[in-house]
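Down below is the structure, laid out as structure tokens.
All chains are named by letter (A, B, ...) in the order of the sequence lines, taking the proteins before the strands, and each is independently numbered beginning at 1. Just the heavy atoms: all of them, side chains too, but no hydrogens, waters or symmetry mates, feed the values below.
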4 protein chains.
Amino acid sequence: MAPVTPQSLSPRKRPRQARAAATVDAIYEATIQVLLSDGPQRLTTTRVAERAGVSVGTMYQYFPQKRALIHALNERYLDILAERIEATCRQQHGASAGMMVVALIETYWQAKTERPEVTRALYRSVADLDNSALIESFAQRVDSATTQMLESASDSCFQDLALVNRTLVTTIFGAVRNAFERQLADQEAAGIMQQLALMCRAYIEAVSAPR
Amino acid sequence: MAPVTPQSLSPRKRPRQARAAATVDAIYEATIQVLLSDGPQRLTTTRVAERAGVSVGTMYQYFPQKRALIHALNERYLDILAERIEATCRQQHGASAGMMVVALIETYWQAKTERPEVTRALYRSVADLDNSALIESFAQRVDSATTQMLESASDSCFQDLALVNRTLVTTIFGAVRNAFERQLADQEAAGIMQQLALMCRAYIEAVSAPR
Amino acid sequence: MAPVTPQSLSPRKRPRQARAAATVDAIYEATIQVLLSDGPQRLTTTRVAERAGVSVGTMYQYFPQKRALIHALNERYLDILAERIEATCRQQHGASAGMMVVALIETYWQAKTERPEVTRALYRSVADLDNSALIESFAQRVDSATTQMLESASDSCFQDLALVNRTLVTTIFGAVRNAFERQLADQEAAGIMQQLALMCRAYIEAVSAPR
Amino acid sequence: MAPVTPQSLSPRKRPRQARAAATVDAIYEATIQVLLSDGPQRLTTTRVAERAGVSVGTMYQYFPQKRALIHALNERYLDILAERIEATCRQQHGASAGMMVVALIETYWQAKTERPEVTRALYRSVADLDNSALIESFAQRVDSATTQMLESASDSCFQDLALVNRTLVTTIFGAVRNAFERQLADQEAAGIMQQLALMCRAYIEAVSAPR
DNA sequence: AATGAATGAGAGTTCATTCAT
DNA sequence: TATGAATGAACTCTCATTCAT
């Protein structure tokens, strides 16, 4: 497999010192701020540097190209998201399959809606970036975590776990994203999330044998 | 309801003559071509005009801003998509609910994968466009068509049709898009689509009373 | 002397028919309107034609270049202005010199302030036009008219009439224009106009012998 | 009082280093050169930058818009002009009123005719700029300087100094400008300037009481 | 005679990136 | 090492003018 992050997009140096880490974080935060206030079109290196309180030159020390910055930002976002999903999976280890899907839905919905504008801004920022490797890597982490979780279900046992897993993940993540993007009222969204859980449970019922 | 397309984004003039209509179509096609070959970043007004074989000036006669072009392109895409979905819904009128969801999945998947690169290109093109009004309008057309379809189901009757409908649409469209974006192998994708149908049927079973 | 209006700037055809004259007038008026509402920078041929209710093509029949239009507009303005001054001069024939300067000041001030915005707009429109020939021609008409008038003064007789005349004209027109451009309050302006008359009379007193 | 120069028209950054100051001066001089050789219509940012020997980008660092450049240029011109007039007024402090007007006429005429083409070019450059605030500010500086001067006249004392002052300033500046713009032969112009002085003295005589 | 679609050079402006300080 | 002035290619958009209809 090709490395997820090509050399040209990786930070020039890993931040070894605390100061450097703080700088990088400031740059990330500034990028999000600019994205939110000015939109992806007006996301310029100068603006980000200014907002972050560093000079462009310094920024180029950490991110050799503008695209590297956006790439890193998304990498970080997906990393955190994957970690949260993994945590949920670990936590639901051994629970009933029904509990699992509910927890998964809840986690993903939560992650998206905590800072909805940031979520949206990040989506828009990658428009001209080939982030498929990033996405693929994220998907594999999730796949692996959810597979392990489902395997441990206390009440169900699946013939073709890989397929069931992929179906559930695709459906849940797809539906949640869709609901999120339609900007529905909170209550409406909650209703759909509930129905989504119901649907997943009905599916599990249909494809699993009792353990 | 506010108009879907603000004045600033609507074509300056409707093509009255056949020649003008051909010009507009050439511009649309050129936009897609440039999007495919050069990416959204390199989608420039000059490049589009050149590829379309017209002058920039002419292009600006029909699209007063670059964004208007992208907006119109997406509007057209969503329009065609909505029509196809409506056609499917009409066709499935009176069928069983299970047939309906299969047809819906099939139609949407088909629409996305016929020219997958175009689909992807269009998604990327809207990065700095507020297309939420467009999306909303599309969603309402779909909602209305699928609701009418489900109402006519020969074998099922739903207590809260609106909720069921929205859940199904959100799930199907979300899952299909997600599967599409992961660029799975054909067979894998087909497998998931099948499972998705199964899942929807299980859900329908669970929430409907026999007619 | 070179002709005031070079061939390249003269209307392609003299309006012989009433309809054509109406068209030309509509174009003039439209030019002023656009100048007022959009400024000289946004004074475009298309905009003028549209406002005048004719096509660009038709406009180019009458004015072969954009500069020809502006040139003609200014020519017309100066023509009307010269006529008014000549009328005043004729009217004051045989009056006292004091009356004459008052009438001159009054006429010029009146002409400028009747439609102050139009006056200003016209000034701005000529920025990149060599209108010195136009100005010169206007100046000569005025010179000639005022000289004749002053010659007939009932109470004064000048040794060097040409010099006195040029001094008075230069001073009056310069002062009035200056006062106009400073956009003083009406009363203030009126005060200065009165003082200007006083000044001119004092000058006449100083340089004339009683008749 | 509102600031004379709106933020949008003020230089983006003040030149801090000697090099930057030189750059700004080069840009000013280049603007005048282009104005002289190409006319206001062909005064483009690229041309100015090229002539100044800097890149457009650099120019935009100091002048955020083309209009800002023209505005600054005029501001500078009026500033220098006001300073010269103030110097003359200081120098004539305590002189006779007759001397004063002569000095004023002389100074203004001198300023205009030293580099007549530059003067003309600057006038034309402001066509689509609202420089009334600039003009107003200039006028007030002049008013104040001339008022102080006239107050100190050794031989005259005015009942309504403000009115006399404004009349003199309006007349002198208007007449000088008018004479300048007519491009009279040197001798002719000199003759009129002399008569203008005479006229002003006659006026002063008429409206002042001996001290 | 009148129209207005088409042209395309050229305008103002931005911004990723470099490099002397 | 950090800075931010300088660069200039590339962008979006305009508009005087032409000419097929």
Return no unless some side-chain N or O of [X] is found under 4.0 Å from OP1 or OP2 of [N].
{"X": "D/Arg47", "N": "E/dG10", "answer": "no"}
{"X": "D/Thr45", "N": "E/dG12", "answer": "yes"}
{"X": "B/Ser55", "N": "E/dG8", "answer": "no"}
{"X": "B/Tyr62", "N": "E/dA6", "answer": "yes"}

Worksheet entry | B/Gln41 CD to E/dT14 P, straight-line distance once rounded to whole Å | 17 Å
Worksheet item: C/Gln65 CD to F/dA16 P: how many Å, rounded?
Response: 12 Å
Worksheet item: Are any of the side-chain nitrogens in A/Glu117 or A/Arg124 under 4.0 Å away from the carboxylate oxygens of its partner?
Response: no
Discussion item. Once side chain to side chain contact (heavy atoms under 4.5 Å, CB included) is applied, do any residues pair with B/Asp38, and if so which ones, sequence neighbours excluded?
Written reply: B/Val34, B/Arg42, B/Arg47, B/Arg51
Worksheet item: What stem regions, each of at least 3 consecutive Watson-Crick or G-U pairs below 3.5 Å, can be found for DNA chain F?
Response: E:2-21 with F:2-21
Fill in: Verdict with reasoning, B/Arg76 to B/Asp25, per side chain to side chain contact (heavy atoms under 4.5 Å, CB included)
CA-CA 11 Å; B/Arg76 208 180 67 140; B/Asp25 272 345; 3.5 Å; yes
Response to the item:
For C/Pro40 and D/Asp128 the tightest heavy-atom approach is CG-CB, 3.9 Å
Item to complete: Test side chain to side chain contact (heavy atoms under 4.5 Å, CB included) on B/His71 and B/Leu134 and set out the steps.
Response: CA-CA 9 Å; B/His71 187 94; B/Leu134 236 41; 3.6 Å; yes
Practice prompt. Run the ring-centre check on A/Tyr28 versus A/Phe63 and record whether the distance is less than 6.0 Å.
Written response: yes
Discussion item. Within the 4.0 Å heavy-atom criterion, would you say C/Thr44 contacts the bases, only the backbone, or no part of the nucleic acid?
Written reply: sugar-phosphate
